[in-house]
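Let me begin by presenting the structure, written as C-alpha cells, before commenting on it.
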2 protein chains.
Amino acid sequence: MTEKQEKILKSALELFAKEGYHATSTSKVANNAGVSEGLIFRHFKNKEGLLMAILKEGENKLNELFADIVMESDPQEVVRKAIELPFIVPESEYEFWGLQYKLKWEIEMDYSHKTEPLTMALALAFVKLNYESPQQEAEFLTLSLDAIGAALIKRSMANADKMKSFLLKKYGL
Amino acid sequence: MTEKQEKILKSALELFAKEGYHATSTSKVANNAGVSEGLIFRHFKNKEGLLMAILKEGENKLNELFADIVMESDPQEVVRKAIELPFIVPESEYEFWGLQYKLKWEIEMDYSHKTEPLTMALALAFVKLNYESPQQEAEFLTLSLDAIGAALIKRSMANADKMKSFLLKKYGL
DNA sequence: TTTTTTAATGTGAGTACTTACTTACTATTA
DNA sequence: TAATAGTAAGTAAGTACTCACATTAAAAAA
C-alpha cells in the first residue's frame, strides 16, 4: 500500500461519509487526495472498487471489536462487554462508522451476517445464564445495540452514560 | 394536486427508494412518470423540492401511525401497540419506509424529533406502570423498535412473529 | 558496484455521456 | 382573459473512465 494509495482511501472515506457515495465524484476524491484522477482507477479499478476497499476495512474493524467479546468465557462479561461496545467507540472514528451505517442503506448488500459473531456469542451467554429465550434475547440485544450505535454516531442521544448504566442494570450487571 | 404531479411523486418515491436519491436523475423520474422533465421543476422548484415533498409525506404517515398510540389511556395498551407497530406495516409499504430510512442517512437533517411523540407516550405509560426508569425505558424501546422496523423492511429478520411475542412477553403482555 | 532491463507508479488531457436546470413556447382550465 | 399546466429543445458543468506517455523503484546482468 503506497502513500498515495492511502491518501486516496482516506479522502474517499472522508468524502463518502460527508456527502455520500453517489454524491462524491472521483475527481473530488482525487483533488482532495492531491493525486491525478487516473491513479484511482489504476489502483482500485473503478469507483465501486474504491468503495469495496473501504467496506472491507469496516468489516475487519468490526471483527476486531467483536474478537474481545467472542473470546470471553464468563457469560456475564460477554453481556457487559457487548453493552459497552457502542459506548467505547472514540469520537474520532464516528465519521468512519457513520459511513458504514450510511452504506448499509445506500448500496444493496446483505449486511446481516456482519453482526452474527456478536449474536452467537450473546446467545451462548444467555443460555449459560438460564435466560428463557436465549436466541431471541441475543438477536434483540444485537439489534438494539446497533440502533444505539447509530444514535451515538448521529449525536441524537441526549445522555449516553445514563443509557449505558440503564442497560447494564436491565441485564443485571 | 394534478394527476401528473402525483405521477411524478410516485415515480420519484419508487426510484429514490430503489436506487437512492443521488443515483436517480430527474430525467429518469420524468421518463418513469411519462412527463416532460421541465414539469418537475415547474411543480417542485428543484430536485430537492421533490425530495422534501416525499419526506413530508413520510412524517405525516408516521404521525398517523403514532396517533392511535398517543391517544390510548391504558398504559399496558400503549406498550402493546408500540411493540406491535413495526409488525403491522404492510409489505406494500416497505418501499416507502425503506426510503425514509435510507434518507435518514443520505441527507443530513435532524430526525430524532420524528419519534418523539412515541417516546413521550411510552414514558408516560412506564410511569403509570411504576417502572424504575421510565424515561430511559421509553427511549430504549423506541430505539429498539426503530431497529426492528429497519430489519423487517430489509427482510433480514428470520422470524418476525417469534420476535414480536418475545417482546410482548418481555414487557409482561 | 555500476549499468541495464523490467515493471510498477503516476500524470494530464481527452472521451462520450449524463447531470440539474432554463427558456421560449403551446395547451388547458378558471 | 389571465393564470396555470405542460412541452421540447436547449445549456454549461459535471460524470466515470481511458490512454498515451513520464517517472520512479526494484530486479537482473555486467
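Order of the sequence lines fixes the chain letters, A, B, ..., with proteins taken first and strands second; residue numbering starts at 1 for each chain.
- In this structure, the side chains of A:Thr119 and A:Leu141 stay at 4.5 Å or more apart for every pair of heavy atoms.
- A:Met1 has its CE atom 12 Å from the P atom of C:dT9, to the nearest Å.
- Rounding to whole angstrom units, CZ of residue B:Phe41 and P of C:dT22 are separated by 7 Å.
- Comparing C:dT19, D:dT7, D:dA16 by their nearest atom to the side chain of A:Lys47 picks out D:dA16.
- In this structure, CG in A:Leu143 is found 7.0 Å from CE in B:Met157, a value given to the nearest 0.5 Å.
- Considering CD of B:Glu139 and CG of A:Asn159, their distance stands at 8.5 Å, rounded to 0.5 Å.
- Note on A:Ser25: only backbone sugar-phosphate atoms sit closer than 4.0 angstrom, heavy atoms only; bases stay farther off.
- Between B:Tyr171 and B:Tyr131, the angle of the ring planes stays under 30°, which puts this pair in the parallel group of the 30/60° scheme.
- When the P atom of C:dG12 is taken as reference, atom CG of A:Asn31 falls 11 Å away, rounded to whole Å.
- Residue A:Leu39 places its side chain closer to C:dT9 than to any other of C:dT9, C:dT22, D:dG6.
- If you check D:dC17, D:dT15, C:dT11 against the side chain of A:Lys28, the one that comes closest is D:dT15.
- Rounded to an integer number of Å, the gap from CD1 of A:Ile40 to P of C:dG12 is 14 Å.
- Residue order along DNA chain D, read from the 5' end via each residue's closest nucleotide, puts B:Lys4 first among A:Ala23 and B:Lys4.
- Note: CG (B:Leu51) to P (C:dA20) measures 12 Å, nearest angstrom.
- The shortest distance between the side-chain N/O atoms of B:Ser27 and the OP1/OP2 oxygens of C:dT19 is below 4.0 Å.
- Residue-level contact check: A:Glu37 touches the bases, meaning some heavy atom is under 4.0 Å from a base atom.
- In this entry the distance linking CZ of A:Phe44 with C1' of D:dC17 reads 16 Å, nearest Å.
- Between the CD1 atom of B:Ile8 and the P atom of C:dC21 there is a distance of 14 Å, rounded to whole Å.
- Distance CD (A:Gln5) to C1' (D:dA25): 15 Å, rounded to an integer number of Å.
- Between B:Arg42 and A:Ser36, the one whose closest nucleotide on DNA chain C sits nearer the 5' end is A:Ser36.
- Taking the side chain of B:His43 as heavy atoms from C-beta on, and the options D:dG6, C:dT9, D:dA16, the nearest nucleotide is D:dG6.
- Within a 6.0 Å sphere centred on NZ of B:Lys128, heavy atoms belonging to other residues, nucleotides or ligands number more than 12.
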